[in-house]
Colleague: 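Sharing a structure with you now.
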Amino acid sequence: MLKLYNTLTNKKEEFIPLVPNEVKMYICGPTVYDYFHIGNARTFIMADVIRRYLEYKGFTVKFVMNITDIDDKIIKKAIDRKKEYSSVAKTYANAFLEDLVKLNIKPATIYPKATEHIDEIIAMVKSLLERGFAYNVNGNVFYDVLKFTGYGKLSGKNLEDLESGARVEINEEKNNPLDFSLWKKAKEGEPFWESPWGNGRPGWHIECSAMGCKHLGETFDIHGGGSDLIFPHHENEIAQSEASTGKQFVHYWIHFGFLNIDNEKMSKSLGNFFTAREVVKNFPAEVIRLFFAQSHYAGSLNYSVELLDASKKGLEKIENFLFTLKEKQKSAVDHTKKIPFSCKKYYSDFEEAMDDDFNSAKALAVIFDFIKEVNRLFVEYPQLDKPFLEKVEKFLQKTAVDVFGIASFERKEESASLENELMEILIQLRITAKAEKNFALADKIRDDLKSLGIQLLDSKEKTVYKKS
RNA sequence: GGCGCUGUACCCAAGCGGUCUAAGGGGAAGGUCUGCAAAACCUUUAUUCGUCGGUUCGAAUCCGACCGGCGCCUCCA
């Protein structure tokens with residue numbers, strides 16, 4: 001039974017999709033005014049792991065991630081760069097998609113853009129006005145927070161506390177400081193779209209409501225994003241959507257913890273960030289993914305190069321295992337040997353962990369335990385049969401590869417045959433040298449190859465090589 | 001000021017009232033294998049879970065106080 005923590009109820013709940021075997025899931029994507037940072041990447045990667053696990057469970061997942069391609073920051077950047085807002089948005093939207101590929105994130109079913117949903121947005125604003133949840137002041141349309149009785153139900157805030165907080169922007173046009181923009185009147189020189197209230201552009205929150213409703217329906221299963229979106233963004237989305245449709249917007253709200261630097265939230269405004277594309281230059285996606293998956297998605301997590309290095313070592317353990325597995329497969333025998341081993345327990349432990357609010361750290365521990373035990377069998381049984389090795393491969397394929405995206409069987413494919421033959425010559429030469437106790441030559445061959453990125457691994461039976 | 005999260009070994013981290021004399025990864029130490037390495041395997045590295053109380057037959061896990069860290073309440077994943 002899959003359980004997940006629902007921000008709306010503050011409880012871990014059994015996951016029951018609206019339509020059996022189907023999941024409709026929406027994760028807030030980026031505002032494309034800059035490259036996204038490694039903290040944003042954490043949300044995208046862990047959402048990806050969740051999506052992949054849902055697929056592992058047999059659900060068909062419709063996964064939507066929006067791209068906010070019109071907003072104040074984009075306009076500001078466009079002015080600074082003396083470019084069209086749309087060219088800035090396009091640049092970073094493309095960069096966003098490229099970076100997702102680099103991070104080994106499965107593409108969403110759809111990446112809807114705000115500017116491509118102006119009609120839907122206008123329709124929703126219109127319906128909010130008609131229903132009395134919004135008001136128009138000189139072409140600025142605001143949401144009337146006091147009209148929506150459920151306001152604050154997601155973030156656990158109540159209006160009185162928020163008002164006494166008194167740090168909300170002062171805007172003469174608003175009835176209440178907490179009211180927020182649905183439609184912003186265009187200022188001189190700003191991009192705009194026509195609307196019944198004059199030229200303007202959508203407020204930030206409305207696009208997610210409109211696009212969520214359009215692509216996933218008025219009610220859908222899972223909606224998530226970084227914890228900083230709980231209030232006001234997601235709170236406002238609920239207010240907008242539920243006021244306009246009269247239906248519950250989302251059943252399960254999930255939120256991802258922050259990535260910290262020196263215990264402080266990584267953020268653009270603090271300037272303490274590294275872009276994902278920078279980090280992925282120094283660490284493969286697999287390392288980054290393992291690092292994130294080693295802790296729970298909702299908690300906060302510190303970022304440092306040292307921690308990434310530790311994960312890199314951990315990943316090597318997995319990669320070494322896959323390498324050994326491949327070697328074993330080459331020499332595998334057909335007949336079945338009785339090996340006291342079953343993957344069953346590992347599957348059920350893995351699922352039990354992931355079913356518990358996606359406890360990826362625990363699930364990874366299961367994978368590491370699995371590797372340890374099979375390694376032990378490798379030591380104990382020099383010759384293994386094919387069906388056994390296939391079962392081992394299948395387990396890792398389904399867990400480490402398909403769910404976590406931290407390993408691959410395809411990568412580092414079989415080398416060209418010429419290379420193999422040349423390597424065979426060198427290996428034989430070295431074996432001869434060793435037999436003659438000419439260790440200086442043997443070591444030189446090994447060291448020289450190592451500097452080319454080729455590692456020689458001796459074992460009793462034979463010597464194999466590995467490219468890094 | 002309001003709301004919420006958090007403090008587990010040298011580092012990261014799981015743990016959601018008994019199976020905890022506490023997973024997993026990294027690091028460190030010793031051993032097996034090896035000409036030497038690498039990989040792999042074995043052993044060791046928290047009788048203890050920020051502190052102090054309480055509830056309970058039983059607590060890292062629940063409650064309270066205190067000390068420390070963080071977040072949201074304004075754009076932010």
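First the proteins, then the strands, lettered A, B, ... as listed; each starts at 1. Quick note: numbers below take in every heavy atom, side chains included, and nothing from hydrogens, waters or symmetry partners.
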Colleague: Do A:F63 and A:Y26 have their ring centres less than 6.0 Å from each other?
Modeller: no
Colleague: So which nucleotide does B:A14 pair with, by the Watson-Crick or G-U wobble rule with both distances under 3.5 Å?
Modeller: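 With both distances under 3.5 Å required, B:A14 matches none.
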Colleague: When the ring planes of A:F249 and A:W253 are compared, do they come out parallel, tilted or perpendicular, using 30° and 60° as the limits?
Modeller: tilted
Colleague: Do the two ring centres, one from A:H234 and one from A:H205, sit under 6.0 Å apart?
Modeller: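 Judged by ring-centre distance (under 6.0 Å), A:H234 and A:H205 do not meet the cut-off.
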Colleague: Distances for protein N/O vs nucleotides 33-36 of chain B N/O pairs under 3.5 angstrom?
Modeller:
from	atom 1	to	atom 2	distance (Å)
B:G35	O6	A:R430	NH2	3.3
B:G35	N1	A:D443	OD1	3.0
B:G35	N2	A:D443	OD2	2.9
B:C36	O2	A:R446	NH2	2.8
B:C36	N3	A:R446	NH1	3.0
B:C36	N3	A:R446	NH2	3.1
B:C36	N4	A:R446	NH1	3.4
B:C36	N4	A:D458	OD2	3.1

Colleague: Starting at atom CG of A:D447, determine the distance to atom P of B:A38, rounded to an integer number of angstrom.
Modeller: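 In whole Å, B:A38 P and A:D447 CG are 13 Å from each other.
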Colleague: Which base sits across from B:A38 as a Watson-Crick or G-U pair, both distances under 3.5 Å?
Modeller: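 Pair assignment: B:A38 / none.
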Colleague: Out of B:C75, B:C73, B:A38, which nucleotide sits closest to the side chain of A:K157?
Modeller: B:C73
Colleague: B:C70, B:C42, B:U74: which one has an atom nearest the side-chain heavy atoms of A:P232?
Modeller: B:U74
Colleague: Any strand is fair game: report the nucleotide pairing with B:A28 by Watson-Crick or G-U wobble, both distances under 3.5 Å, or none.
Modeller: B:U44
Colleague: Under 4.0 Å, counting only non-hydrogen atoms across every strand here, what does A:L259 touch: a base, just sugar-phosphate, or nothing?
Modeller: base
Colleague: Would A:F142 and A:F180 count as a close aromatic pair, with their ring centres under 6.0 Å?
Modeller: no
Colleague: Regarding A:F256, tell me which of base, sugar-phosphate or nothing describes its non-hydrogen contacts under 4.0 Å with the strands shown.
Modeller: nothing
Colleague: Quick one: closest heavy-atom pair of A:I230 and A:L154, and the distance?
Modeller: O-CD2, 3.8 Å
Colleague: Expressed in whole Å, how much space separates the C1' atoms belonging to B:A29 and B:G68?
Modeller: 33 Å
Colleague: Taking atom C1' in both B:C57 and B:G69, what distance in whole Å separates the two?
Modeller: 36 Å
Colleague: If you pin A:S155 and A:L456 to their nearest nucleotides in RNA chain B, which one's is more 5'?
Modeller: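 In this pair, the answer is A:S155.
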Colleague: With C1' as the reference atom in both, quote the distance from B:C16 to B:A23 in angstrom, rounded to an integer.
Modeller: 15 Å
Colleague: Could you check how far CD1 of A:I75 sits from P of B:C75, rounded to whole Å?
Modeller: 15 Å
Colleague: When rounded to the nearest Å, what value does the distance between C1' atoms of B:G50 and B:A28 take?
Modeller: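 Nearest-Å result for B:G50 against B:A28 at atom C1': 25 Å.
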Colleague: Where the side chain of A:E264 is concerned, which of B:G71, B:G24, B:G27 is the nearest nucleotide?
Modeller: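 The closest nucleotide is B:G71.
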Colleague: Counting side-chain heavy atoms from C-beta on, which of B:G24, B:A40, B:C76 comes nearest to A:V379?
Modeller: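 It is B:A40.
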Colleague: Cation-pi between A:K11 and A:Y5: NZ/CZ under 6.0 Å from ring centre and within 45° of the ring axis?
Modeller: no
Colleague: Any salt bridge linking A:D458 with A:R430? Criterion: basic side-chain nitrogen under 4.0 Å from a carboxylate oxygen.
Modeller: yes
Colleague: Using whole Å, what does the distance between atom P of nucleotide B:A40 and atom NZ of A:K326 come to?
Modeller: 17 Å
Colleague: Answer yes or no: is there an ion pair linking A:D309 with A:K313, defined by an N-O contact shorter than 4.0 Å?
Modeller: no
Colleague: Given B:C75, B:C72, B:G24, identify the nucleotide with an atom nearest to the side chain of A:D369.
Modeller: B:G24
Colleague: Angle between ring planes, A:F274 versus A:Y303, binned at 30° and 60°: parallel, tilted or perpendicular?
Modeller: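 Correct class here is tilted.
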Colleague: Once hydrogens and angles are ignored, does a donor-acceptor distance under 3.5 Å link the base of B:C76 to the side chain of A:K73?
Modeller: no
Colleague: Which one is paired to B:G53, where only Watson-Crick or G-U wobble pairs with both distances under 3.5 angstrom count?
Modeller: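 B:C63 is the nucleotide pairing with B:G53.
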Colleague: If you check the A:N375 side chain, which of B:C76, B:A40, B:C73 turns out closest?
Modeller: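 Nearest nucleotide to the side chain: B:A40.
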Colleague: Scan A:G224 against the nucleic acid and name what it touches under 4.0 Å (heavy atoms): base, sugar-phosphate only, or nothing.
Modeller: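 Since no nucleic acid heavy atom lies under 4.0 Å of A:G224, the category is nothing.
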Colleague: So does A:E13 pair up with A:K3, basic N to acidic O under 4.0 Å?
Modeller: no
Colleague: Would you mind classifying the nucleic acid contact of A:K372 as base, sugar-phosphate or nothing, using non-hydrogen atoms under 4.0 angstrom?
Modeller: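 A:K372: backbone/sugar contact only, no base atoms under 4.0 Å.
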Colleague: With both distances under 3.5 angstrom, what nucleotide forms a Watson-Crick or G-U wobble pair with B:G71?
Modeller: B:C3
Colleague: Closest approach to the side chain of A:Q455, judged atom by atom: which nucleotide of B:C41, B:A38, B:U74 is it?
Modeller: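 From the listed options, B:A38 comes nearest.
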Colleague: Please find out if less than 6.0 Å separates the ring center of A:Y151 from that of A:F148.
Modeller: no
Colleague: Can you tell me if the side-chain N/O atoms of A:R376 get under 4.0 Å from OP1 or OP2 in B:C42?
Modeller: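 Indeed, a polar side-chain atom of A:R376 lies that close.
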Colleague: In whole angstrom, give the distance that lies between atom CG of A:L315 and atom C1' of B:G27.
Modeller: 17 Å
Colleague: What is the distance from CG of A:L449 to P of B:A37, rounded to the nearest Å?
Modeller: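 Result: 20 Å.
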Colleague: With sugar-phosphate meaning primed atoms plus P, OP1 and OP2, does A:G225 contact a base, only sugar-phosphate, or nothing at under 4.0 Å between heavy atoms?
Modeller: sugar-phosphate
Colleague: Between B:A37 atom C1' and A:N320 atom CG, what is the distance in whole Å?
Modeller: 14 Å
Colleague: Taking the ring centre of each residue, are A:F378 and A:F321 less than 6.0 Å apart?
Modeller: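 Yes: the rings meet the under 6.0 Å criterion.
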Colleague: Could you check whether A:L229 gets within reach of a base, just the sugar-phosphate, or nothing at all, counting any heavy atom under 4.0 Å?
Modeller: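 Sugar-phosphate only.
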Colleague: What integer number of Å spans the P atoms of B:A14 and B:A9?
Modeller: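 My reading of the P atoms in B:A14 and B:A9 gives 13 Å.
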Colleague: Would you measure the distance from the C1' atom in B:A59 across to the matching atom in B:C63 and give it in whole Å?
Modeller: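 To the nearest whole Å, 11 Å.
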Colleague: NZ of A:K265 versus C1' of B:G4: gap in Å, rounded?
Modeller: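 Rounded to whole Å, this separation is 14 Å.
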Colleague: Return the value, rounded to whole Å, for the distance between atom CZ of A:R42 and atom C1' of B:G71.
Modeller: 13 Å
Colleague: Under 6.0 Å between ring centres, would you say that holds for A:F395 and A:F370?
Modeller: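 Yes; A:F370 has its ring centre under 6.0 Å from that of A:F395.
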Colleague: Using atom C1' in both nucleotides, what's the gap between B:G27 and B:C67 to the nearest angstrom?
Modeller: 30 Å
Colleague: Taking only the C1' atom of each, what is the distance from B:U47 to B:C11 in whole angstrom?
Modeller: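 Each nucleotide's C1' atom is 23 Å from the other's.
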Colleague: Encode nucleotides 6-16 of chain B as B, S and - characters from 5' to 3', where the letter depends on protein heavy atoms closer than 4.0 Å: B to the base, S only to sugar-phosphate, - to neither.
Modeller: ------SSSSB
Colleague: With a 3.5 Å limit on both atom pairs, tell me what B:U21 is paired to, counting Watson-Crick and G-U wobble, or say none.
Modeller: none
